[in-house]
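Take a look at the structure set out below.
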Amino acid sequence: MVCIVAFVVVLVLSAVSAKYRRLLGRAWGCFARRVTLRPCDTSFRDDVKSSLLAPLAVRAPALVKPASIAIEVVAWVMVLSLIVSLYLLGRSGLNLFVYGTCDKQDTQSCALAAEACSIGSETPGFWESIGRGDVLGAFGNEFGSVGQTIAAIPSRLKTWDAAEYTAANATYLGGYRDGLPVALEVLDPGCRFCAELFRNIEESGFADTHNVTYLAYPISSGFGSKFPNSPLVASYLAATQAFEAERAGLSGTTGDWYILEQLFTGQNAAGTGWQEWMNEADADDARARLQDWLRDAGYTDAEVTAIDRLAASDAVADTLAHTRRVVEDDIQTVAIPTLIAGGRLHAGLADADTLRDIGR
């Protein structure tokens, strides 16, 4: 291992000083032999160790042997650290290319990623597994995750067609218009970045150049939903879509978009944003607010009651389960919001300028 460490050091020093370049050839020869599991050039290894130990041999000869062992140990540690660092760098780069974030488990921890709410994974991370004493599981999950990322590379190179992933009862912002391309957003009603994206869509005029639709995906965590009332809101959105499908009203302006507009842009009388309020409200108050929004959108009391029944139905539960499978298995995003538009998948928050560029 001394040869490998020496090669790395000599390589760096050679870049800044010519006097080390004469050692580079010998260092490379020793390095090449070690990485191909052949014996190192003993003379070069001994030269390196001798140069490090010579001052100590003069002052304290008895410490030479322990110091020699220490050099080997430090060399091993440095080489292993280098290998781990290169692996982590490669894994992060691969995740950034495939998922738009360095860390699949926590998208917000990556400074290079767009702002987003992290979907995360129910599979424990490497150090979490190590903490539980599951060493085999830690390495198995780690390499399984990398394999999953590699398998997803072809999907990121393809041309994305948002229409392939739309819901059966899809509704569109401002109603569907013939001749415009479809754009699909994967959203969680409780995620603040989804609210920001909604406002960016309005600011940029993106909905004027695209038929914008969505998939409601409440993010799950180990303790239930990441945002407590997101499943309730998602069930009302799906129920409203189902209700409109029954009366052939999907092509026009629908109440689910009114709910999203209020949730993402509105405030209550106290000046609190409705999304923030919804994330903290109890289920009964949240349900009552959703029903009030449906009435404000023009639905009668009887229609609101029908939508409420649909929201608790098995049919809506099946719709939301299907949406979850599409997001996790087909789209395979780890960041919310995710936008499919312009033939590409955009993970995380897209600003107004990006949306204008897509719309051109």
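Keep in mind that this is a model prediction, so the values were computed, not measured.
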Would you say the side-chain atoms of [X] and [Y] include a donor-acceptor pair closer than 3.5 Å?
| X | Y | result |
| --- | --- | --- |
| Tyr236 | Gln291 | yes |
| Tyr87 | Glu142 | yes |
| Tyr99 | Gln332 | no |
| Thr354 | Asp351 | yes |
| Asp256 | Thr254 | yes |

Ignoring hydrogens, what is the shortest heavy-atom contact between [X] and [Y]? Give both atom names and the distance.
| X | Y | value |
| --- | --- | --- |
| Thr265 | Glu202 | CG2-OE1, 4.1 Å |
| Cys110 | Thr101 | CB-OG1, 3.5 Å |
| Gln275 | Arg192 | OE1-CA, 3.2 Å |
| Ser155 | Trp160 | O-NE1, 3.0 Å |
| Ala116 | Ala335 | CB-CB, 3.7 Å |
| Ala216 | Leu237 | CB-CD1, 4.1 Å |

Test: [X] and [Y] ion pair at under 4.0 Å:
| X | Y | result |
| --- | --- | --- |
| Lys226 | Asp188 | no |
| Glu328 | Arg324 | yes |
| Arg356 | Glu203 | yes |

Exercise. Any side-chain heavy atom of Asp103 sitting closer than 4.5 Å to one from Ser92?
Worked result: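 Contact flag for Asp103/Ser92 side chains = no.
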Problem set entry | Sole candidate of Phe264, Tyr214, Phe193 that passes ring-ring contact (aromatic ring centres under 6.0 Å, His included) when paired with Phe198 |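 Running ring-ring contact (aromatic ring centres under 6.0 Å, His included) over Phe264, Tyr214, Phe193 with Phe198 returns exactly one hit, Phe264.
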For this session: Could you tell me whether Phe97 atom CZ has more than 12 heavy atoms of other residues or ligands within 6.0 Å of it?
Result: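 It does: Phe97 CZ has more than 12 such atoms within range.
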Taking only distance into account, with no hydrogens and no angle test, what donor-acceptor pairs under 3.5 Å do side-chain atoms of residues 161-170 form with protein atoms, sequence neighbours excluded?
| residue | atom | partner | partner atom | Å |
| --- | --- | --- | --- | --- |
| Asp161 | OD1 | Ala163 | N | 3.2 |
| Tyr165 | OH | Lys158 | NZ | 2.7 |
| Thr166 | OG1 | Ala163 | O | 3.2 |

